[in-house]
Amino acid sequence: MTAPLLSIRDLKVHFPVRTGRVIVAKYQSLRAVDGVSFDLAPGETLGIVGESGCGKTTLGRAVLQLLPVTSGAVTWLGREMTSLDAAAVKAARENMQIVFQDPLASLDPRMTAGDIIAEPLRNYHPELSRAEIARRVGELMEQVGLLPGMVNRYPHEFSGGQCQRIGIARAMILKPKLVICDEPVSALDVSVRAQVINLLKDLQKTFGLSMLFISHDLAVVRHISDRVLVLYLGKVMELATRESLYQAPRHPYTQALMSAVPIPDPAKERAKPRIILAGDLPSPLNPPSGCVFRTRCPNATAVCAEKEPVRESSAPGHDVWCHHWRE
Amino acid sequence: MALLDVRNLNVRFETPDGAVEAVSDLSFTLEKGECLGIVGESGSGKSQTFMAAMGLLADNGKASGEVLFDGVNLLTAGEKTLNTIRGNKASMVFQDHMTSLTPHMRVGRQLTEVLVRHRGMDAATARDAVIAMLKRVQIPEPARRAEMYPHELSGGLRQRVMIAMSLLCSPALLIADEPTTALDVTVQALILDLIREVKEKEHTSVIMITHDLGVVAGIADRVAVMYAGRIVELGDVNQIFTAPQHPYTQGLLACTPRLDDVLGKSLKTIPGQPPNLQRLPPGCAFAPRCTYRIAACAARPPLRPAAGGGLKACVRDDIQPVRAAS
Ligand SMILES: Nc1ncnc2c1ncn2[C@@H]1O[C@H](COP(=O)(O)OP(=O)(O)OP(=O)(O)O)[C@@H](O)[C@H]1O
Ligand SMILES: Nc1ncnc2c1ncn2[C@@H]1O[C@H](COP(=O)(O)OP(=O)(O)OP(=O)(O)O)[C@@H](O)[C@H]1O
Ligand code: SF4
Ligand SMILES: [Mg+2]
Ligand SMILES: [Mg+2]
């Protein structure tokens, strides 16, 4: 295997949250990301799935050093990011870009599409001439399916799908090595969603990018990822190649998630076996002991409350964190 | 007689930039105990159809046509009649952000008041009924949750409270407008089970509005597909999914990523974007995106009988029903 582009080890992001009443302030730590490790190879797309609040966005932002990391290592091209100074982080970020969920809200309403897309280029390459910037913006607009005539339009004059194309063009203009996509198609209509997924796949291939593709939609993730990481309460439950994960999920949480995804086929949807999870998501302020999933797990036993599961390999390229995955 | 009979419903909004024809010439019926799925993309008129039916349109909106509920035309019925129907014989559940829970009142009290108002129950009886209903929608520790304020509950629990509230008066009609869109799939599965149970056990008629074809596949008996304010296809759920007749329905099914499809190089797509309702083309609104377009599509295609027993609004009859991959 080639050297990883990005290597995450035991990453933790804990937020101090004020829980005391007005007079005696008390702080507790909210474990948004709690010991995540993975490698990302050049040109690889890693899907990150899990339910609302499991730490997907926090993980993505921690990789970009957009928020303080509590502990653990983020190694980018062999260098440890958490110990770099601000200038070095800025330099590294030229190669790491992000695409956000809400297409319209993530674009500055007072800037034209052309200026939005050009901004990172002006920022990192002030030496470029205006003509050269315009040339590169025009080229990229074409690649993401925007018409050249749209360059002077403002965000509110575009549809949701077009705004997302602008956001994608902005993320691609520096030809980064890594793009983090945080729910990039969740706000889009079904008929436009497929267009944007195809666009991301094409750009990924054209530029040889690596992607972290964050989504709560397992069907979308399946279409775009090489490998998939399943998060629950800030911890990795399962990490596997796409084929292996979707054909033979080993973790009871992954199995429950997959069984809950509706299939647009009445016969299949009505006949399929479903695993209904009991109870509600525990608070990340006070996660369960042992395996964090145990309070909702249909297979939980006494050992699950006592010991935290460690990584076990169920097949080549397939890791699972569960005491009972074999059963 | 159908429980709900909508005839030639139009909904029009006046705006500073001109009129918006949000719903045009919409007709369908809903039988007792039946579930009709309403699918379509954002802005296709799904919500406003039922806001109009329940007399809840914004001030700049106007509805015409007929909405017969149990024989009574809701469009001409007065506010007094509507108040006895809404939340009682017919109730609505919205997506969480439109929640109709009052923020500063304990949820138990809000639910109790519904029973006191519509059923004339005394407070103690109503409270027992509310706790029983909260239990039925699988809210853990219902008595304790009843004492909480809406913001103290998770999104999934809040939505279950909303459903409990909508079921309190055993409505004949439940209109669920994207009831699970903001929720995680595991919670969605639970809520859909619940609605299915109510439909089967109490023969409640259900309108399930969603943009998720999978949700409809699991719960609906018939499906109406909307595009630009009109029904473009209406049919039995199996026909819609296995032999869709309208090019838009075919396109929607083909471009939806699913867990069981064959992974290819790229997903099928529908070119272009959903239309601007203020600038609709004169003929078939789907024509600019349709690969089957012919000259005749420049005149508005009426909703007419199609192969397989359903209805479609497309001029062509020589379109092969393409099955989505699986
Ligand atoms: N700045 C913050 N301060 C305190 N808590 C935070 C902060 N940001 C996130 N959290 C908490 O951290 C946890 C993880 O949040 P995060 O946004 O990463 O989840 P997510 O998986 O992206 O969820 P979603 O699918 O809803 O976007 C949540 O419990 C959230 O409330
Ligand atoms: N008060 C209003 N004034 C003007 N236009 C309105 C008003 N309310 C709704 N509309 C328009 O009516 C059309 C239909 O809206 P509707 O809410 O029924 O769509 P929908 O199919 O429910 O979409 P979504 O999936 O986004 O909920 C939209 O184009 C919307 O912008
Ligand atoms: S009427 Fe014409 S344009 Fe409209 S869907 Fe049918 S074939 Fe396509
Ligand atoms: Mg997020
Ligand atoms: Mg709506």
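Residue numbers begin at 1 in each chain, while the letters A, B, ... track the order of the sequences. Heavy atoms only: backbone and side chains are in, while hydrogens, waters and symmetry mates are out.
Residue A:Glu51 holds its CD atom at 3.5 Å from OG1 of B:Thr186, rounded to the nearest 0.5 Å. Separating the NZ atom in A:Lys268 from the CZ atom in B:Phe241 is a distance of 13.0 Å, to the nearest 0.5 Å. Here CG of A:Asp265 is found 6.5 Å from CG of B:Asp260. Values are rounded to the nearest 0.5 Å. Distance CD/B:Gln273 to CD/A:Gln195: 7.5 Å, rounded to 0.5 Å. Atom-to-atom distance recorded for B:Arg196:CZ and A:Arg270:CZ is 7.5 Å, nearest 0.5 angstrom.
B:Arg289 and A:Ser191 make their closest contact through NH2-OG, 2.8 Å (heavy atoms, listed as atom of the first residue, atom of the second, distance). Scanning both residues, B:Ser266 and A:Asn198, for their nearest heavy atoms gives CB-OD1, 3.3 Å.
Between the side chain of A:Arg222 and the backbone N or O of B:Asp261 there is at least one donor-acceptor pair closer than 3.5 Å. At distances below 3.5 Å, at least one donor-acceptor pair connects side-chain atoms of A:Asp189 with backbone N or O atoms of B:Ser42. Formation of a donor-acceptor pair under 3.5 Å by the B:Asp184 side chain with backbone atoms of A:Ser52 is found in this model.
Residue A:Glu142 places its CD atom among 12 or fewer non-hydrogen atoms of other residues, nucleotides or ligands, all under 6.0 Å distant. Shown here is A:Lys201, whose NZ atom has more than 12 heavy atoms of other residues, nucleotides or ligands within 6.0 Å.
Only the side chain of B:Pro274 comes within less than 4.5 Å of a heavy atom in chain A; its backbone stays farther off. At a 4.5 Å heavy-atom cutoff, the contact between B:Gln188 and chain A is made by side-chain atoms alone. In this structure, the portion of A:Ile197 lying under 4.5 Å from any heavy atom of chain B is its side chain and not its backbone. Proximity to chain A is absent for every atom of B:Asn276, based on heavy atoms less than 4.5 angstrom apart. A:Leu277 touches chain B through backbone and side chain together, each having a heavy atom under 4.5 Å away.
Between chain B and the options A:Pro262, A:Pro264, A:Ala260, the largest number of non-hydrogen pairs under 4.5 Å is found for A:Pro264. Chain B forms more heavy-atom pairs under 4.5 Å with one residue of A:His216, A:Met258, A:His223 than with any other, namely A:His223. Of all the listed residues (B:Leu192, B:Leu213, B:Val185, B:Thr256), the one sharing the greatest number of non-hydrogen pairs under 4.5 Å with chain A is B:Val185. The most heavy-atom pairs under 4.5 Å with chain A, out of B:Ile240, B:Leu157, B:Val187, come from B:Leu157. Among the candidates A:Arg193, A:Lys272, A:Arg296, A:Gln162, the residue making the largest number of heavy-atom pairs closer than 4.5 Å to chain B is A:Gln162. Between chain B and the residues A:Val192, A:Ile263, A:Ile275, A:Val220, the largest count of heavy-atom pairs under 4.5 Å involves A:Ile263.
Contact check for B:Cys255 versus A:Val190: side-chain heavy atoms found under the 4.5 Å cut-off.
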- Item | Full working for side chain to side chain contact (heavy atoms under 4.5 Å, CB included) between B:Leu263 and A:Arg242 | CA-CA 11 Å; B:Leu263 288 170; A:Arg242 165 176 65 191; 3.6 Å; yes
